[in-house]
Amino acid sequence: MSRQASRRPPTRITIALNARQTQRAPLLLPANASTDPSSPTSIRKLVFKAAQAKLRIGKPSRVFVAGFGAELVGEEDWERGVRNDVSLLISAGEDYIGVIRDAGVHPKANPTCPIHNLASAAALDEHALTQLRTTAHSLPGLVHAVGQPNLHPGTKFPIGAVFVSQRWIHPPLIGGDIGCGMAWYRTRLSRGQVEGDRGRKVAEKLRGMEGAWRTAEARERWLEDEWGMCGAGEEWDGSVGTIGAGNHFAEIQVVEEVEEGCGLAEGEVVLLVRSGSRGYGSSILKKYTAEGQVSLKEDSAEAKEYLKEHDSACRWAKANRNLIALRFLSCLEPGEPAWSLGKKDAHVEDIHDARTKWPPVVATSEDTNERTASSPSPGIDAYIHRKGAAPTLSPGTCLPLSILPLPGSRGTPTLILAPQFPSSTSRGLDNAVSLAHGAGRSMSRAKALSTLSQKYQASSLLEPRGGKGTWVVCEAKDLVFEKAAEAYKDVEAVGANLVAFGAARRVGWCRARVSYKCRDERGGGR
DNA sequence: ATGTAC
């Protein structure tokens, strides 16, 4: 018996007969009892011995968790199932007897999954917080959950949340917009060309962005030549190069302030694109959530297929952002030779989910080793599910990303954040190596529609108030209200939460000059 | 979020 083990308190449990549950007895399990059922000092043996002595059962052979019906078989089950105040039902071979209460809680759920919150207490939404806790404590295999400062309620699962799991994959925690992300592209425009009233001219130039790009053959070639992937099928490839709805946009920005050496330069004009995998990703989610299915065991054929499709949706989403950028730059810089898309630096990728070791190993490179540290233990395989959050490590290399955008709602600044990995955040683990990927809703869509429609008139081009604001191209009437800045949390407050937590440094900001949402091109734009 | 479900 190790000294450390003997110091830990025993676990109090209750054992009862599965067949006659009024026959019960308390049992204290020493902390050094083994969860491995084949060990000579296993909890299983202690439980069986106690059952024979106190409950007078001749041949105990199976054990269930009362109220859940989960059978304890392997070491993992014993590890998870045995905790203070649990009631174990001892069976002589018969199946579990009793109702399964709390059917939403998976037998492999982790009721002690730790949750970290990055939002300040004042900004926390009760409903979203409940969703965060319920999800963390009822889905199987979760080992770490994070509420980002943009945490807000989703239909079933929260948005602005990160969930780390082992052995299980949960497609709904990633959502339908697989691979949704942001990228900055350099333009050749000078700030003088987009400042003040010139923003209107720039906005007017942005046409031909709606609808399919060129021909099916051209789209196929784009996906194959540029991205080395065959398409997702014409049903979905038809929308490659389109922005989409919701929080997707493209925005022309001036870099107002930025620290030197992080990839963006002060005064330059950039294009920030946020979009995802459109109908393709959503079709994948649909396929793997038939009949309410939420969780896939990692070694199942289904999980392996999902991961493959997930990766290809991520690549498709990246190709989509690049094509959106190409379409915008064609309007803004006509006559320029082809842009080497994807090779434009300051290119930040956000992939919703990534396989990793947990704890993740933060790689070091010669020039960054003073601010990062390697995790000493290699960890075991884990899956990071992100929704409304971006990774702080490059998925390929595990090197810290130098900068990430934190866009506000349209017209508000985009912060330039440098992810941080201080020991106070367990080197980035506490925030699950992720940062909020936007300001997040503070007002439901319905509420925004009802309260803000008084304030805004729907028009094709929203003029900035004052000379330095943003021209907004938004020809879908409902979106004008729904996506209004007032419906969102303040981006500075969200950024301040990330900074206060130690997850990021604010290294600069961009001023949005033209924010493009959508245009109604059927009637020529008005 | 979505070439959407009732």
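Convention: sequence-line order gives letters A, B, ...; per-chain numbering from 1. All figures in this text were calculated on a predicted structure; none of them were measured in a lab.
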When we call it a touch if two heavy atoms are under 4.0 Å apart, what does Gly244(A) touch: a base, just sugar-phosphate, or nothing?
->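 Sugar-phosphate contact only - Gly244(A) comes under 4.0 Å of backbone atoms but never of a base.
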Contact class for Gly175(A) vs. all strands (heavy atom < 4.0 Å): base, sugar-phosphate, or nothing?
->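 Result for Gly175(A) = nothing.
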Are Lys286(A) and dA5(B) close enough that a side-chain N or O sits under 4.0 Å from OP1 or OP2?
->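 For Lys286(A), the contact criterion (side-chain N or O under 4.0 Å from OP1 or OP2 of dA5(B)) is met.
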Residue pair Arg167(A), Glu298(A): steps toward the salt bridge (charged side-chain N to carboxylate O under 4.0 Å, His left out) verdict | CA-CA 5 Å; Arg167(A) 300 179 195 101; Glu298(A) 80 177 335; 5.6 Å; no
Which class fits the ring pair His170(A) and His385(A): parallel under 30°, tilted 30 to 60°, perpendicular over 60°?
->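 His170(A) vs His385(A) ring planes: tilted.
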Between [atom2] of [N] and [atom1] of [X], the distance in whole Å:
X: Asp237(A); N: dG3(B); atom1: CG; atom2: P; answer: 13 Å
X: Asp177(A); N: dT2(B); atom1: CG; atom2: C1'; answer: 9 Å
X: Lys287(A); N: dT4(B); atom1: NZ; atom2: P; answer: 17 Å
X: Glu291(A); N: dA5(B); atom1: CD; atom2: C1'; answer: 17 Å
X: Trp316(A); N: dT2(B); atom1: CH2; atom2: P; answer: 10 Å
X: Ile243(A); N: dT2(B); atom1: CD1; atom2: P; answer: 11 Å
X: Ile284(A); N: dT4(B); atom1: CD1; atom2: P; answer: 15 Å

Would you say the base of dG3(B) and the side-chain of Ser239(A) have a donor-acceptor pair closer than 3.5 Å?
->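 Result: at least one qualifying N/O pair found.
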Within 6.0 Å of NZ in Lys201(A), more than 12 heavy atoms from elsewhere =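 Count not over threshold, so no.
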Is Cys314(A) close to Ile178(A) at the side-chain level, that is, under 4.5 Å between some pair of heavy atoms?
->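 Side chain of Ile178(A) against side chain of Cys314(A), heavy atoms only: contact under 4.5 Å found.
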Return the nearest nucleotide to the side chain of Trp236(A); candidates are dG3(B), dT2(B), dA5(B).
->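 It is dG3(B).
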